[in-house]
Amino acid sequence: MKKVIFGLTIELRQRKKPESSENKESAKEEKINNTAIPERVPKHILFQRFAKIFIGCLAAVTSGMMYALYLSAYHERKFWFSNRQELEREITFQGDSAIYYSYYKDMLKAPSFERGVYELTHNNKTVSLKTINAVQQMSLYPELIASVLYQATGSNEIIEPVYFYIGIVFGLQGIYVTALFVTSWLMSGTWLAGMLTVAWFIINRVDTTRIEYSIPLRENWALPYFACQVAALTGYLKSNLNSYGEVHEVYKIYIFSLFLGYLLQFENSALLVSPLLSFVIALMLAKCLQLNVKKGTFVAKIMKVINFYLVCTLTVTLNIIMKMFVPHKENGHMLKFLEVKFGLNMTKNFTMNWLLCQESLQAPSQEFFLRLTQSSLLPFYILVLITCFLSMIQVIFRRINSGKSLKETITLEDGQIGERPEIIYHVIHTILLGSLAMIIEGLKYLWTPYVCMLAAFGVCSPELWMTLFKWLRLRTVHPVLLALILSMAVPTIIGLSLWKEFFPRLMTELMELQEFYDPDTVELMTWIKRQAPVAAVFAGSPQLMGVIRLCTGWMVTSLPLYNDDDLLKRNENIYQIYSKRSAEDIYKILTSYKANYLIVEDAICNEVGTVRGCRVKDLLDIANGHVVCEEGDKITYSKHGRFCHEVKINYSPYVNYFTRVYWNRSYFVYKINTVISFQS
């Protein structure tokens, strides 16, 4: 039921009572009687609803399109993309992004789609002495779909492959923003919240997305779909307000989605042994075993305790059973990583310490919170979160302790925002995501967009302001009137202040001509394509190997991927070229992977790290025992000099194993000798 107050449509939500077996027939008759004569809605109300939906949809779609166009324009100004040769464009894809795009190129070169998929699932042309299922290991479904669309739509005659690829990603980012817009709109009832969500998202894009720095990242493909799922679930929970049986359908959808993911990820057993799956199944079983008892009685309270205990017990039991019968690989390295991160353990392992030094795996910096505060996002988010959380707790305690039945109809005057299931879902969700983001900074790209959406919903929601006024027992001004005024005035003031402060900055960024200039890497790739044999295998840092694989197609010894134990071990072994090891040791390591060429990067060899103890050479010295800490002082000990320095001097025994064949200001390329001749 809805009523109009001061020109605004305020929804009155009717709660659904669970039907018992005693009054099922009477309920059916009553439902028939109630729905026999539908109430006719006045035409002006229908027009208001249509206009509201039309304007909101138009604003949502326009916001997504404008953001996609903004990304395209900013990318062009930053890299001068249209004025560069293909090689220079590909160099802008760094690290693991280069690997993803290289497989997109491979799919376009394949004689058929089936042949391309087979070569990716049985790939032995990327990493030496290793056959990998690239689709499974690197989640290459986006590249498969993009390659099919590029060829099926005839785009190969209109647009270059790289523009088609990045265009899809930018388009998905537009869908991402539109989904956030719709979610905030659904929760608040006004499209003004969606506009504010988009504004905060773009202004804080340094902390909401990495699309500007690394286009092919998996998160740039996945998060738009995640946002669409959240929007759909929000609409579902809002329309099925208090029916436990209908929210129960979400569990079935989750199980179906997980099973589909299990098949698409080549029977990924980690999904089956997930504690969350066991928890969902336990909830469904507990629902089947739940008894109908009168609310508010002592027996009902006892049954709630028993139901809670049953869910917890079933979750643990089912998870143990699944792990017993489903073959899976334990995540021991993840547990050890968390132990070291929280200071519960110490390690000298190079890979573990190197991962801990990565910025994305560290705790968020103070600058992160400062940026969110300067855009006014964090203060309003905290206000909204505290209000919704306390209201939710208030509702839970009322249900548990008082035993009173809930009101038949919830109105704006009630000031009970914590009653709404979609609000409860989002509060729990944002708390969980926020907790993870406080531990690992890389997860902020999942949490910060959520912050934008929740904060915008709150300041635009009359129910949130009414909940606050009810707690404050406001008497001087009519609380409903004040809540309606603030729900429009506050976001308007925020929007105007954001426009005044940040819009000129956005326009300046689009006007500034930036340039990505890396001539040394271009020269290196050009030399490899012209001088190196086709069957050559290159060794070097994983990040550089990804670029070599993309720009030249040559085989490499390692990749910048961290979900495979063998690749992690390879990375550690190849990184030994920057340690204090002998020429013979390095030679044995490289030849064990059939490497023909070694590339030494001056930036790593002479690295001046901003974080103490996080330089690659420092981590190697610790792992190899070449640095001993005594009474706070570091004592360096090794009978060999640092290999990356010594090999440049061209004296024995280094020249016996390695011959320099190319160099520039940043890179030194050495051919690994197959026949060793020792000189005096």
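Residues: numbered from 1 along the sequence shown.
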Ignoring hydrogens, what is the shortest heavy-atom contact between [X] and [Y]? Give both atom names and the distance.
X      : Y      : result
Leu567 : Leu559 : CD2-N, 4.4 Å
Leu498 : Ala199 : CD1-CB, 4.4 Å
Phe457 : Ile423 : CZ-CD1, 3.3 Å
Ser487 : Ser461 : CB-C, 4.1 Å
Leu233 : Val250 : CD1-CG2, 3.6 Å
Ala59  : Met195 : CB-SD, 4.0 Å

Any side-chain donor-acceptor pair under 3.5 Å between Tyr70 and Glu509? yes
When you compare the side chains of Ser375 and Asn204, does any donor N or O come within less than 3.5 Å of an acceptor on the partner?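 Yes - a donor-acceptor pair under 3.5 Å links their side chains.
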Does a side-chain heavy-atom distance below 4.5 Å link [X] with [Y]?
X      : Y      : answer
Ile215 : Ser97  : no
Ser63  : Thr178 : no
Cys644 : Ile604 : no
Ile202 : Val177 : no
Met187 : Leu454 : yes
Tyr176 : Pro449 : yes
Phe380 : Trp200 : yes
Leu361 : Leu356 : no

Let me see the working for Glu441 and Lys444 under salt bridge (charged side-chain N to carboxylate O under 4.0 Å, His left out), right down to the final yes or no. CA-CA 5 Å; Glu441 185 176 13; Lys444 71 179 181 182; 3.2 Å; yes
Determine, stepwise, if the pair Ser360 / Ile440 fulfils side chain to side chain contact (heavy atoms under 4.5 Å, CB included). CA-CA 7 Å; Ser360 60; Ile440 300 176; 5.9 Å; no
Donor-acceptor contact present, side-chain [X] to main-chain [Y], <3.5 Å:
X      : Y      : answer
Glu572 : Leu568 : no
Arg84  : Arg89  : no
Thr197 : Ala456 : no
Trp465 : Leu484 : no
Asn220 : Pro216 : no

What class does the angle between the rings of [X] and [Y] fall in, given that below 30° is parallel, 30 to 60° is tilted and above 60° is perpendicular?
X      : Y      : value
Tyr575 : Tyr578 : tilted
Phe81  : Tyr163 : perpendicular
Phe226 : Tyr450 : tilted
His429 : Tyr425 : tilted

Atom [atom1] of [X] and atom [atom2] of [Y]: how far apart are they, to the nearest 0.5 Å?
X      : Y      : atom1 : atom2 : answer
His75  : Ser82  : NE2   : OG    : 10.5 Å
Tyr254 : Leu277 : OH    : CG    : 5.5 Å
Ser541 : Asn571 : OG    : CG    : 9.0 Å
Ile396 : Ser391 : CD1   : OG    : 10.0 Å
Leu378 : Leu383 : CG    : CG    : 11.5 Å
Thr467 : Leu390 : OG1   : CG    : 10.5 Å

Evaluate whether atom [atom1] of [X] has more than 12 neighbouring non-hydrogen atoms of other residues, nucleotides or ligands under 6.0 angstrom away.
X      : atom1 : value
Tyr225 : OH    : no
Met66  : CE    : no
Arg505 : CZ    : yes
Met346 : CE    : no
Trp499 : CH2   : no
Trp191 : CH2   : no
Glu501 : CD    : yes

Could you please spell out the steps behind the salt bridge (charged side-chain N to carboxylate O under 4.0 Å, His left out) verdict for Asp621 and Lys617? CA-CA 6 Å; Asp621 291 345; Lys617 52 188 179 182; over 6 Å; no
How about Trp354 and Tyr562: are their ring centres within less than 6.0 Å of each other?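 Yes, the ring of Trp354 comes within the 6.0 Å limit of the ring of Tyr562, centre to centre.
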Determine whether Ile439 and Lys341 satisfy the following criterion, side chain to side chain contact (heavy atoms under 4.5 Å, CB included), listing intermediate values before the conclusion. CA-CA 9 Å; Ile439 300 173; Lys341 183 173 181 61; 3.6 Å; yes
Where do Val616 and Leu620 land on the side chain to side chain contact (heavy atoms under 4.5 Å, CB included) test, with the steps shown first? CA-CA 6 Å; Val616 169; Leu620 288 168; 3.9 Å; yes
Let's go through Thr430 and Tyr381 carefully: what are the C-alpha distance in whole Å and the side-chain angles of both, what is the deciding distance for side-chain hydrogen bond (donor to acceptor under 3.5 Å, both in side chains) to 0.1 Å, and is it a yes or a no? CA-CA 10 Å; Thr430 190; Tyr381 168 75; 2.7 Å; yes
Worked verdict on Thr521 versus Tyr667 for side-chain hydrogen bond (donor to acceptor under 3.5 Å, both in side chains): CA-CA 8 Å; Thr521 304; Tyr667 304 103; 2.8 Å; yes
Given Glu143, which partner from the list Tyr104, Tyr103, Tyr165 fulfils the side chain to side chain donor-acceptor pair (under 3.5 Å) test? Tyr165
Does the distance from a Lys or Arg side-chain N to an Asp or Glu carboxylate O, for Asp565 and Lys569, drop under 4.0 Å?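 No, Asp565 and Lys569 are not salt-bridged.
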Applying side chain to side chain contact (heavy atoms under 4.5 Å, CB included) between Gln416 and each of Met392, Glu463, Gln394, Lys470, report the one that passes. Lys470
Run the salt bridge (charged side-chain N to carboxylate O under 4.0 Å, His left out) check on Glu212 and Lys78 step by step: do they pass? CA-CA 9 Å; Glu212 296 176 4; Lys78 181 178 180 179; 5.4 Å; no
Go through it in stages, so that I can follow the logic: the residues are Cys452 and Leu180, the test is side chain to side chain contact (heavy atoms under 4.5 Å, CB included), and I'd like the CA-CA distance, side-chain angles, deciding distance and then a yes or no. CA-CA 9 Å; Cys452 299; Leu180 293 173; 6.0 Å; no
A cation-pi test, strictly: NZ or CZ of Arg218 under 6.0 Å from the centre of the six-membered ring of Tyr141 and no more than 45 degrees from its axis. Yes or no? no
